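Worth knowing before you read on, the calculation uses all heavy atoms, side chains too, and leaves out hydrogens, waters and symmetry mates. In this text the structure is predicted, and so the values were computed from the model without any measurement.
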Amino acid sequence: MSDDLRLDLFEGNDDVSVEPAPPPAPEPKVWSVSQVNRAVKGLLEDNVEPLWVGGEIGQWTRSRAGHCYFTLKDDQAQLKSVMFARDAALLPTDPAEGMKVRCFGGLTLYETRGDYQMVARRVEADGAEGLWRKAFEELKVRLEADGLLAHERKRPLPAYPRTIGVVTSPTGAAFRDIVSVLARRAPWTRVILCGARVQGQGASSEVAAALERLVASELPDVIIVGRGGGSLEDLWAFNEEPLARAIASCPIPVVSAVGHEVDVTISDLVADVRAPTPSAAAETVVPDGVALLAQVQRSPERLGRGLRRAVQRRRVAVVDRLARLARGIERRLTPVRQSLDMGSLALERGMNQRVERQRARLKGLGGRLEALSPLATLSRGYTVARTPEGRVLRRVHEFGAGMRFHLRLDDGTIAAEAVGPVDPEGTDE
Amino acid sequence: MTDRENEDFTLEARLTRLESILARMESEEVDLDEALQLFEEGVAHVREAERVLSETELRVEELLASGETQEIEDGEA
């Protein structure tokens with residue numbers, strides 16, 4: 001390098017070396033500042049291959065034009081650096097001051113100021129993914145502040161969508177996977193693809209626009225937004241604000257499916273449901289047709305059972321009502337029956353008393369009758385004479401001689417014949 | 001339920017309705033008249049859902065800039 005430098009510096013001074021005798025007072029060659037700076041700039045640019053430089057970010061300023069000016073430093077030294085807008089636009093975010101980074105770029109000289117500097121084409125922090133992670137966290141914080149990550153915002157997916165919207169690359173594996181899962185699980189559905197570029201600059205806005213067009217078509221019941229696996233940089237569109245906001249404001253439930261199982265993107269966080277892969281998203285949005293058909297086909301049997309139970313319930317209800325009716329009647333009858341019972345008891349008692357009274361009266365009458373009866377007198381030896389017709393014969397003159405009559409004794413009656421009157425003084429009985 | 005109403009049901013509405021009919025039928029309180037009605041309605045939904053679910057050809061379309069859709073001939077492309 002030093003040889004080149006010497007050659008370079010003495011270029012155009014051939015006349016000096018041609019002259020053998022030392023010149024008396026040679027005028028020194030005077031370079032203009034511009035010449036020197038241009039020469040040094042050429043030296044730096046032509047002789048130093050682009051390289052990675054590791055260090056810490058000192059100051060970082062982004063101009064209105066999008067150029068970024070910063071210093072890289074370590075314990076002992078600083079290196080002025082610049083990243084022009086075209087490259088800076090690809091940065092997920094600006095690195096923070098003090099952040100350990102590595103920059104890839106070439107060395108040059110800013111002639112106007114004579115500043116030697118690095119023109120960085122890439123800046124990476126904490127390994128390759130640091131800035132992406134930082135941008136991710138920053139966007140996450142902004143979205144969180146707007147409440148867009150709130151769990152309450154998550155809507156349930158329709159259980160049986162008719163039409164499924166898909167926003168992804170028309171040529172990507174993701175779309176093929178989604179279609180094949182849907183064809184297998186839910187062939188009665190309709191898939192509407194709205195294609196978009198899913199990586200590279202502006203992809204986030206393109207995917208967002210495709211999502212909005214699908215919404216405007218008013219066709220889908222649910223939308224899958226996603227792409228297949230790739231590097232963090234490839235997936236970056238799904239970590240950017242335009243798409244995040246579009247998903248958050250989508251009136252139709254959105255399933256986000258980006259990359260592989262391990263990749264979690266901002267889109268995943270904002271969507272109603274995060275699926276680990278596009279295939280999984282397709283599985284999530286539709287039911288399994290075979291199982292569903294089997295379930296539907298079992299329904300008539302269940303309906304029949306329900307109907308039979310309803311019949312059974314009706315029968316039980318009728319029997320129950322009859323029983324209740326019978327119990328009701330029984331309840332109302334009991335007092336009647338009781339009073340009837342008591343009535344008949346009283347009646348019976350009354351009857352008995354009456355019979356008893358009559359019987360007592362009869363007995364009394366009998367006694368009195370007996371007292372009056374002539375039979376009592378007869379039992380003492382008296383007799384009663386009566387004509388056969390029953391007329392009582394009380395006087396002697398009522399008996400004619402030879403008259404037949406009856407004599408009533410205590411224990412019976414005998415027939416008798418009158419002989420004639422007996423001397424009234426002659427006998428004594 | 002008339003045929004016209006039956007046609008207007010989406011699969012989702014139909015299956016949701018069927019589920020609620022089954023839930024109602026399997027609850028304890030349906031009287032016979034209602035059960036009969038639900039049974040008939042349920043069977044109609046089953047028939048129609050079965051027809052829809054037996055569909056075998058997935059329709060794959062692309063949304064055009066015009067807002068219309070166009071069938072994608074080869075879904076695997």
Q: Could you look at B:L32 and say if it's the side chain, the backbone, both or neither that has a heavy atom under 4.5 Å from chain A?
A: both

Q: Tell me, for A:A186 versus chain B, whether the close heavy atoms (under 4.5 Å) come from the side chain, the backbone, both or neither.
A: backbone

Q) A:R213 versus chain B, heavy atoms under 4.5 Å apart: side chain, backbone, both or neither? A) both

Q: Determine the minimum heavy-atom distance between A:F175 and A:P170, stating which atoms define it.
A: CD2-O, 4.1 Å

Q. Is A:R197 reaching over with its side chain to a backbone N or O of A:Q201, donor-acceptor style, under 3.5 angstrom?
A. yes

Q: With a 4.5 angstrom heavy-atom cut-off, could you sort out which part of B:E62 is near chain A: side chain, backbone, both or neither?
A: both

Q. Does A:K154 use its side chain to pair, donor to acceptor, with the backbone of A:A271 at less than 3.5 Å?
A. yes

(Q) Quick check on A:T189 against chain B: is it the side chain, the backbone, both or neither that has a heavy atom closer than 4.5 Å? (A) both

Q.
Please enumerate all residues that pass side chain to side chain contact (heavy atoms under 4.5 Å, CB included) together with A:D272, with sequence neighbours excluded.
A. A:R155, A:P253, A:V254

Q: Could you tell me which of A:L293, A:L292, A:L307, A:L214 has the largest number of non-hydrogen atom pairs under 4.5 Å with chain B?
A: A:L307

Q) Highest number of heavy-atom pairs under 4.5 Å with chain A: which of B:L38, B:D31, B:L11, B:I21? A) B:L11

Q) Which residues satisfy the side chain to side chain contact (heavy atoms under 4.5 Å, CB included) test with A:V290, sequence neighbours excluded? A) A:D288

Q) Is it the side chain or the backbone of B:E19 that comes within 4.5 Å of chain A heavy atoms, both, or neither? A) side chain

Q | Region of A:R302 in contact with chain B, defined by heavy-atom distances below 4.5 Å | A | both

Q. Measuring heavy-atom distances to chain B, does A:Q295 have an atom under 4.5 Å in its side chain, in its backbone, in both, or in neither?
A. side chain

Q: Answer yes or no: is there a donor N or O on one side and an acceptor on the other, between the side chain of A:D320 and the main chain of A:A317, under 3.5 Å?
A: no

Q: Check step by step if side chain to side chain donor-acceptor pair (under 3.5 Å) holds for A:Q312 and A:R309.
A: CA-CA 5 Å; A:Q312 186 59 30; A:R309 265 199 308 278; over 6 Å; no

Q. Do the charged groups of B:R14 and B:E50 touch, with an N to O distance under 4.0 Å?
A. no

Q. Which of the residues B:L15, B:V43, B:L18 is involved in the greatest number of heavy-atom pairs with chain A at under 4.5 angstrom?
A. B:L15

